[in-house]
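Have a look at the structure below before the remarks.
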Number of protein chains: 2
Amino acid sequence: MELPLYLKLSNELKYQIITGDFKAGDLLPSESDMRKSHNLNRATIRQALNELVKEGYISKHKGKGSIVTEREASLELLSIKGFSEVLGKKSDDVSTQIITHPHCNKWPENFFYSLSTEEIEAGCIYMKRLRFYEQDSVMLEDTYLADLGLSNLYEQDLIRGSLFQSLNFFYQITISNVEQEIKAVIADTSLSKTFKIQKGAPLLHIYRKYFTNRNGLNIYSSLYINTEKYRIGYKFQ
Amino acid sequence: MELPLYLKLSNELKYQIITGDFKAGDLLPSESDMRKSHNLNRATIRQALNELVKEGYISKHKGKGSIVTEREASLELLSIKGFSEVLGKKSDDVSTQIITHPHCNKWPENFFYSLSTEEIEAGCIYMKRLRFYEQDSVMLEDTYLADLGLSNLYEQDLIRGSLFQSLNFFYQITISNVEQEIKAVIADTSLSKTFKIQKGAPLLHIYRKYFTNRNGLNIYSSLYINTEKYRIGYKFQ
DNA sequence: GAGTGGTCTAGACCACCTG
DNA sequence: AGGTGGTCTAGACCACTCG
């Protein structure tokens, strides 16, 4: 349960960046400063800082230091984080409408990923959610996962509408990595009503497979995203 | 000019994966094996392996080892690499048609990124390329960069049609990171002719900004991608 | 020249997986 | 039980930035 030291440090710094103790363009304390202030080895501190680089919070510059990154105007939905966590940083005006509450039944036929027999036999927890950003419906998400002893998900309400937070709270399940595929598609009648756009308007369609720290448990999503007002952004390295 | 040891090792392993010495699902030699065989410290080896994880070549598993990743069927164009490098792994049938050869003139008005005065004064090297994968036109790319002493780019042919390889060869310029934004759009008359698809068909539109190891030199791209046959894939972590 | 991050070594203990 | 990767310490030298 105890987090490793480097994650404690990176979480602490992340918190200070999000709350504005360190602002975009600021220099973080140098690695040797933190060595003294936190009484940690330099390698541990570097591991923490690399974590922040990977998540896009800072960039490092030889001879200068670690600089807090400008937050982007676009929605960084391609990253590994959930919708609420990503957008919560930018605006309080993020909401989720649960169209179909989590419930358990059979997996759909011709599912978009191939499943293990363990997953098929466990049955499928399914839910459908519509995400809003500043009053606009931005993303429609169908989520599927195997019911491997996860009945809390459909017997109780999701914590703040977030699947990831609920999985973490009830079962200590966290996301380890993601595969995704992106396509451009055209809105059919049903999608055009959902997003209040014209039939034939362009949408992104993303298939995702999330891997978790629990062996054999994966989460599958099909996402439609309206990029008319908000583009989807991402940074590498 | 000399590469650090961890990059030499990661390049060596990458080469062995690409050429098939290690196949998808194979275990790489353990960290302590490589410590002996390459006479390197374990931290250096771990740095090399983390490089491969970041680029999606392997995944690491506590207690088991490092496993070579399955190569995806989708086109991993969201990654930092250039078109040729990414697709060259899957098929030899990758080609580039240069529609407008690199030449230098003024920057377009209302350019999609804001430019530094240094960039504006240097003028703009522009080129337009259409990329084919297995005979299908998949991607239309407009590329722009400031002419900061890069006249070799338009006075000679690009090396194998690749801008990145030419920059590397002539000027030792490499890409350090990328920002990009993705939108779904609809083919107009001109795009529908280019991709041989119907007017109104959906396309991805991506704006990219590549940062390089040369300070102040950035490369800007506007990409249209036809995802009808090939999806765009990416893995995280 | 002083301070920064980048690379590298030589150790150590731990949790996890598999036979 | 033996081997694997994950975390951590205590040092060292280097290239780069800036005043």
Side-chain angles (χ1 to χ4, degrees), chain A residues 1-13 22 25-54 57-69 172-174 176-177 211-217 237, chain B residues 1-13 22 25-54 57-69 172-174 176-177 211-217 237:
Chain A
M1 198 58 240
E2 189 71 4
L3 275 181
L5 297 175
Y6 79 94
L7 282 181
K8 280 191 200 165
L9 175 57
S10 73
N11 283 338
E12 180 187 328
L13 292 168
F22 298 121
D26 284 359
L27 276 175
L28 289 189
S30 76
E31 295 177 355
S32 63
D33 282 355
M34 292 198 216
R35 225 189 63 237
K36 293 166 202 155
S37 62
H38 288 74
N39 197 29
L40 288 172
N41 186 276
R42 187 165 164 231
T44 307
I45 287 159
R46 287 179 61 75
Q47 204 174 353
L49 293 179
N50 284 337
E51 211 50 40
L52 296 179
V53 170
K54 201 160 65 181
Y57 286 90
I58 64 170
S59 59
K60 304 178 85 183
H61 304 272
K62 201 192 297 192
K64 285 171 73 176
S66 299
I67 297 178
V68 176
T69 310
Q172 292 78 52
I173 291 171
T174 56
S176 55
N177 59 337
F211 298 83
T212 69
N213 58 346
R214 183 185 289 190
N215 223 318
L217 178 67
Q237 217 68 293
Chain B
M1 198 58 241
E2 190 70 4
L3 275 181
L5 296 175
Y6 79 94
L7 283 181
K8 280 191 201 165
L9 176 56
S10 73
N11 283 338
E12 180 187 328
L13 292 168
F22 298 121
D26 284 359
L27 276 175
L28 288 189
S30 75
E31 296 178 355
S32 63
D33 283 354
M34 293 198 217
R35 224 190 63 238
K36 293 165 202 156
S37 63
H38 288 74
N39 197 29
L40 288 172
N41 188 276
R42 186 166 163 228
T44 306
I45 288 159
R46 287 179 61 74
Q47 205 175 352
L49 293 179
N50 284 336
E51 209 53 37
L52 296 180
V53 170
K54 202 160 66 182
Y57 286 89
I58 63 170
S59 59
K60 304 177 85 183
H61 303 271
K62 202 193 295 192
K64 284 171 71 177
S66 300
I67 298 178
V68 176
T69 310
Q172 292 76 53
I173 291 171
T174 57
S176 56
N177 59 335
F211 298 84
T212 69
N213 58 345
R214 183 184 291 190
N215 223 320
L217 178 66
Q237 219 70 288

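So that the names make sense, note that chain A is the first sequence line, chain B the second, and so on, each numbered from 1.
Comparing D:dT9, C:dG5, D:dG5 by their closest approach to the side chain of A:R46 singles out C:dG5. Among the nucleotides D:dG5, C:dT9, D:dC8, the one closest to any side-chain atom of A:Y6 is D:dC8. Distance from the side chain of A:P4 is smallest for D:dC8 among the nucleotides C:dA12, D:dC8, C:dT4. Distances were taken from every side-chain heavy atom of A:S30 (C-beta onward) to each of C:dT9, D:dT7, C:dT4; the shortest belongs to C:dT4. The nucleotide whose nearest atom lies closest to any side-chain atom of B:K62 is, among D:dG5, D:dT9, C:dG5, D:dG5.
Counting only distance, with no hydrogens or angles, the side chain of B:T44 and the backbone of B:L40 share no donor-acceptor pair below 3.5 Å. Distance alone, capped at 3.5 Å, is enough to place a donor-acceptor pair between the A:N11 side chain and the A:L7 backbone.
The side chain of B:R42 contributes no N or O atom lying less than 4.0 Å from OP1 or OP2 of C:dG11. At least one side-chain nitrogen or oxygen of B:S32 sits closer than 4.0 Å to the OP1 or OP2 atom of D:dT4. Between A:K60 and C:dG6 there is a side-chain polar atom (N or O) within less than 4.0 angstrom of OP1 or OP2. Put simply, B:T44 has a side-chain N or O that comes within less than 4.0 Å of OP1 or OP2 on C:dT9.
Between A:I67 atom CD1 and D:dC16 atom C1' there is a gap of 14 Å when expressed in whole angstrom units. As rounded to whole Å, 17 Å separates atom P of D:dC8 from atom CZ of A:R35. Computed from coordinates, the A:L5 CG to D:dG6 P distance equals 16 Å when rounded to whole Å. Atom-to-atom, CG of A:N41 to P of C:dG11 comes out at 16 Å; the value is rounded to the nearest Å. At whole-Å resolution of the value, CG in A:N39 and C1' in D:dA10 are 13 Å apart. When the P atom of C:dC16 is taken as reference, atom CG of B:L27 falls 19 Å away, rounded to whole Å. For A:Q47 and C:dG5, the CD to P distance is 17 Å, given to the nearest whole Å. If you take CD of B:E51 and P of C:dT7, they are 9 Å apart, rounded to a whole angstrom.
For the pair A:L40 and B:N50, nearest-nucleotide mapping onto DNA chain D gives the more 5' position to B:N50. If A:S66 and A:A43 are placed on DNA chain C by their nearest nucleotide, the residue sitting closer to the 5' end is A:S66.
Under the side chain to side chain contact (heavy atoms under 4.5 Å, CB included) criterion, A:H61 pairs with A:S59, A:K64, A:I67, not counting sequence neighbours.
At a threshold of 4.0 angstrom between heavy atoms, the contacts of A:L49 with the nucleic acid are absent.
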Practice item. Please lay out, stage by stage, how A:E31 and A:K36 fare under the test salt bridge (Lys or Arg N to Asp or Glu O under 4.0 Å). Key: CA-CA 9 Å; A:E31 295 177 355; A:K36 293 166 202 155; over 6 Å; no

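A salt bridge between A:E51 and A:R46 is absent, with no side-chain N of the basic residue lying under 4.0 Å from a carboxylate O of the acidic one.
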